[in-house]
Amino acid sequence: MNEHSLGEFEELVLLLVAAHNQEAYGVMILELLEQKLERKLNISAVHVALKRMEKKGFVESSYGGITNERGGRRKKYYSITSLGKKVLDQQYQVRTSIYKQIPNLSFGQ
Amino acid sequence: MNTQPPKRALKFLRWFCREDYLEEFEGDLIELFEKQYESSPAKAKLKFFWGVLRCFRPSFIRSFKIFKNSNTFFMFKTHYKIAWRNLRRQPFFTMLNTLGLSVGMAGALLIGLYIHYELSYDKMFADADRIYRANIDNRTSGERSIYASVSGPLANVLREDFPHAEMVTRFQHIDGMLIKSAEAEENVKEEKMVAVDETFFAMFGIPLLSGNEATALKEKNSIVLTEEAAQKHFAPNEALGKELVLNNDETYLVTGVIEKLPSNSFLANHSAFISLSSLDGADSPAWNNWNFPTFVKLSSSDREPDLQSFLSGVTENYLVPWAMQFVPGLTLENWREQQEISGNYLSFNAIALTDIHLHSPNMKGEFNLNGDLKDIYILSFIGSFLLLLACVNFMNLATAKSLKRSKEVGIRKTLGSKRGNLISQFLTESSLVVFLSMLVALMLVGLVLPHFNQFSGKQIVMPWGSLTFWLLMMVCTLVLGIVAGSYPALMLSRFSPLKSLRNASEGSAENGRIRNSLVVFQFIISVFLIASTLVVYEQLKYIQNKDLGFEKEQVLVLNNVDALKEKSKTLKGEVLRISAVKNVSVSSFLPTPSDRNGATFFKKEDMSPESAIIIGNWRVDHDYIETLGLELLAGRSFDKRLATDSSAIILNESAVKLLGLTPEQAIGLELTDDFKRPDQENMRLITVIGVIKNFHFESMRNSIDAMSLKLGSDAQRMMVKFAPSDFNESIARIERLWDELAPGQPFEYYFMDDAFSSVYEAENKLGRIFMLFTILSVIVACLGLFGLAAFNAEKRAKEIGIRKVLGAGVLHLTSSLTLDFLKLVGLAILVSLPLAGYFMNLWLNDFSYRVSIPWWIYLVSALLAIGISIVTVSFQSAKAAMSNPVNALKSG
């Protein structure tokens with residue numbers, strides 16, 4: 001395992017953080033993921049992914065202001081770091097380069 | 001917002017969650033809660049709880065202060081760390097320790113599972129604690145027999161006259177039957193069948209998968225099958241309401257399907273239950289027909305004494321009054337008088353359902369073979385010994401290592417370690433080893449269990465899912481860790497720092513003595529087990545090779561010959577024409593397990609009840625004696641040319657002895673079994689025409705019962721005696737004949753000597769179990785010895801080096817090192833062999849026919865023990881003796 005490893009679920013979360021840089025927070029990521037994946041997830045799965053990536057230095061976080069929502073708790077917004085972006089790019093490159101090697105397959109019935 | 005998330009969950013979250021994560025998680029969870037709350041408050045709460053629980057994971061838990069600053073916790077952590085280091089520094093000793101312990105634990109665990117299984121018999125039935133079975137204890141003509149089945153009318157008597165009987169269920173034993181569905185051609189044999197009345201399901205709380213519990217066994221010709229048996233004939237779930245033909249004769253309606261009965265119940269292996277009303281004579285008022293196992297459920301188990309006293313009155317209150325109808329002049333008074341004079345008795349009693357398997361002897365008419373409580377005791381002894389052996393090993397190796405550790409102890413003490421700290425350090429170490437061994441042991445047992453089941457004939461499952469099991473394992477680990485670790489811990493922690501640092505080995509002489517006595521103890525047990533195993537096998541060999549009085553070799557037995565009906569004579573004639581066949585006989589009664597039948601006989605001239613003899617009465621054909629090679633002591637065999645032989649009888653030696661005659665005197669004696677007839681002049685008489693030598697037809701645990709042979713035609717089995725030859729070809733020919741004469745009937749055969757060995761299945765199993773655990777204990781003992789030898793060689797490395805320099809030879813050194821241990825083993829042998837002799841004699845006394853323990857068994861066990869220890873020790877000794885003395889002398 002190299003230390004820049006990125007799990008499948010982590011990658012999805014990281015993509016969403018990148019797409020909604022500075023605005024992404026736990027519940028939002030959860031809802032977007034549920035929408036895209038069309039299945040129910042638990043918030044703690046998202047938390048685990050976010051905290052792991054924070055530790056690895058792929059994302060960083062900052063608190064927002066106090067609002068009336070959420071019983072007065074601040075939101076924690078996530079943004080992608082340059083390392084995170086690099087890992088994401090790498091991952092994307094590897095995938096597309098292999099994907100391009102797939103010959104033109106046809107699956108006629 | 002007036003909606004509040006569940007307070008308790010929130011409190012829990014705040015308690016465990018890391019502070020830097022808390023606000024974020026709390027916020028997210030509350031936001032989700034609020035969103036969900038609008039659509040469904042209940043669901044929202046549930047989800048909140050779940051969310052909190054999912055957060056409860058190591059990476060999100062804050063570090064607790066109590067742990068962080070607690071000295072105890074730190075101490076435990078260091079103990080644990082140092083224990084690991086110590087174990088890893090000496091991989092050889094750790095391995096020996098773990099291996100020895102885990103083999104011992106695996107053996108003990110296996111035994112534990114076996115015993116648990118044996119003890120669990122019949123406890124799964126609902127109300128098992130208040131179900132009892134009636135038995136008959138009977139003594140006639142000096143012969144005592146106990147029956148697990150009783151007279152038919154007893155059930156009604158209990159129902160009507162015994163107020164505490166909540167329910168009574170009556171069985172009747174029937175032979176296994178051939179079964180086919182109405183449309184099918186092919187028959188399937190169900191080996192274990194029984195007839196039972198309709199209260200069966202309510203009595204034992206057996207649920208029906210399909211069918212009506214109350215009525216399933218009410219009507220005549222109803223049959224209830226286990227799922228397994230039903231699927232031999234019908235598609236799954238389609239059996240109910242279908243028709244089956246039994247023994248090619250009667251049609252039965254499938255009225256219910258039940259699950260397979262538990263293998264640890266008295267009904268194990270029974271696959272088909274027919275309604276008792278289907279059988280003739282089920283409602284007969286006769287008290288002399290003891291074919292009905294009868295179970296009664298009491299209103300409460302406190303009523304057992306009432307049941308016993310009621311049953312003890314049954315003979316006088318019901319049986320004798322019934323007998324008065326047939327025996328002229330019989331009154332209660334003269335019945336009592338006769339019983340007193342002759343010492344005969346007939347009494348009813350009861351046994352608790354859960355006591356049947358282990359706490360009762362094998363009675364006549366049991367459903368399955370019972371276990372023996374003695375085996376359980378023997379096994380628990382072996383199991384505890386194994387554990388003890390393993391612990392002893394551990395102690396031995398630990399004290400042996402103590403020299404190496406004494407410096408460590410000294411330094412620790414100098415630096416301020418208290419004795420308690422040292423003890424907990426050593427206990428942590430031993431618990432760690434025990435824990436590792438437990439894991440290995442569990443794996444071993446998991447691997448071995450299927451094979452163990454195969455050879456012990458049980459169906460034990462590993463209770464992986466049981467919480468109690470795991471708790472027990474944990475408690476065992478702790479206890480064993482403390483037991484095995486206590487002695488070394490106490491001993492090592494006692495070292496005075498001054499002496500141990502000055503390199504004086506403290507108390508090593510005392511330690512040596514203790515180590516030596518532990519080795520002796522281990523070998524006492526091992527030699528005991530070796531000798532016992534040899535005796536068990538010797539007895540088995542004796543039983544299986546003893547002259548039985550009949551020839552069991554080259555006898556083929558065909559089953560279900562009665563399916564051929566009158567064509568069985570044709571088959572017999574055809575089979576006789578095969579050149580390799582010497583003789584053929586048709587009978588239901590074989591010397592190996594088969595039908596048994598008893599009858600009461602009187603001498604013609606003496607019809608008084610006290611001179612009645614009850615003897616086995618086997619119905620056979622003319623060729624029986626020749627086919628089995630039975631030896632005639634007097635008189636002759638049945639003769640086809642004499643029509644009068646239909647009322648002739650042949651007795652065995654025991655029967656003649658029972659009559660008080662010699663074989664020669666018995667010839668021509670006239671007996672009768674027709675005593676119920678009122679007109680005594682026309683009584684049917686039977687003449688003794690021959691006396692045969694006793695032959696064994698029961699297990700050798702029992703002496704040979706009195707029995708007789710009589711001509712009869714109801715015959716299920718055909719015995720075919722071959723001349724010594726390759727008879728595979730002949731068997732194939734018999735099968736072709738069978739298929740011609742009985743198309744669709746299964747061709748089932750076995751060899752008589754195989755059936756004979758199955759009689760001694762219990763002894764065989766015991767032998768195999770003994771063997772297994774003997775090997776295990778020897779392995780454990782050897783591992784201990786091996787470790788000690790290695791330690792010893794290491795300790796004396798310098799001495800060996802000096803001796804070598806001064807000119808001692810390798811052989812001489814090796815033998816002197818080995819001899820030290822052999823002395824111990826020799827002492828163990830001296831103690832162990834008399835013990836083994838004593839206990840094995842006790843075991844052998846159970847057999848009517850037994851070996852006396854031959855002297856060579858002692859010699860062989862002693863030699864085996866010595867041989868094994870020489871092999872174990874000399875390897876280490878030789879290694880030490882051959883090492884270069886320079887290395888030993890240079891260091892330190």
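All values below were derived from every heavy atom in this structure, side-chain atoms included, with hydrogens, water molecules and symmetry-related copies excluded. Below, chains carry the letters A, B, ... as their sequence lines are ordered, and counting in each starts from 1.
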Consider side-chain hydrogen bond (donor to acceptor under 3.5 Å, both in side chains). Of A:Tyr25, A:Tyr78, A:Tyr63, A:Tyr77, which one does B:Glu24 pass it with?
A:Tyr78

For B:Glu23 and A:Arg74, indicate whether the former's side chain and the latter's backbone hold a donor-acceptor pair under 3.5 Å.
yes

So B:Leu29 and A:Val27, do their side chains get closer than 4.5 Å, heavy atoms only?
no

Is the count of non-hydrogen atoms from other residues, nucleotides or ligands lying under 6.0 Å from A:Asn21 atom CG greater than 12?
yes

Can you say whether A:Val48 sits under 4.5 Å from chain B via the side chain, the backbone, both, or neither, judging by heavy atoms?
both

How about CZ on B:Phe92, more than 12 heavy atoms from neighbouring residues, nucleotides or ligands closer than 6.0 Å, or not?
yes

Contact summary for A:Arg73 and B:Gly27, nearest pair of heavy atoms
CB-CA, 3.7 Å

Tell me whether the count of non-hydrogen atoms from other residues, nucleotides or ligands lying under 6.0 Å of CZ in B:Arg54 goes above 12.
yes

More than 12 heavy atoms of other residues, nucleotides or ligands under 6.0 Å from CD of B:Glu259: is that the case?
no

Could you grab the distance from atom CD1 of A:Ile43 to atom CZ of B:Phe48, nearest 0.5 Å is fine?
11.5 Å

Residue B:Phe435 excluded, over 12 heavy atoms near CZ under 6.0 Å
no

Tell me if the CG atom of B:Leu478 is crowded by more than 12 foreign heavy atoms within 6.0 Å.
yes

Apply the test side-chain contact (heavy atoms from CB on, under 4.5 Å) to residues A:Glu31 and B:Lys35: give CA-CA distance (whole Å), side-chain angles for both, the deciding distance (0.1 Å), then the verdict.
CA-CA 11 Å; A:Glu31 282 168 348; B:Lys35 279 181 184 164; 2.9 Å; yes

Would a 4.5 Å heavy-atom cut-off, applied to side chains only, mark A:Arg70 and B:Glu26 as touching?
no

With side-chain contact (heavy atoms from CB on, under 4.5 Å) as the criterion, how do B:Glu31 and A:Lys75 come out once you've worked through the C-alpha distance, each side chain's angles and the decisive distance to 0.1 Å?
CA-CA 10 Å; B:Glu31 188 178 338; A:Lys75 285 175 184 171; 4.2 Å; yes

Does A:Lys51 count as lying over the ring of B:Phe60, i.e. NZ or CZ under 6.0 Å from the six-ring centre, within 45 degrees of the axis?
no

Is B:Leu10 in contact with chain A via its backbone, its side chain, both, or neither, using a 4.5 Å heavy-atom distance?
side chain

A:Lys76 and B:Asp28: salt bridge (charged side-chain N to carboxylate O under 4.0 Å, His left out), yes or no, with the steps?
CA-CA 9 Å; A:Lys76 193 155 214 184; B:Asp28 280 353; over 6 Å; no

Residues from residues 464-475 of chain B approaching chain A under 4.5 Å (heavy atoms)
none

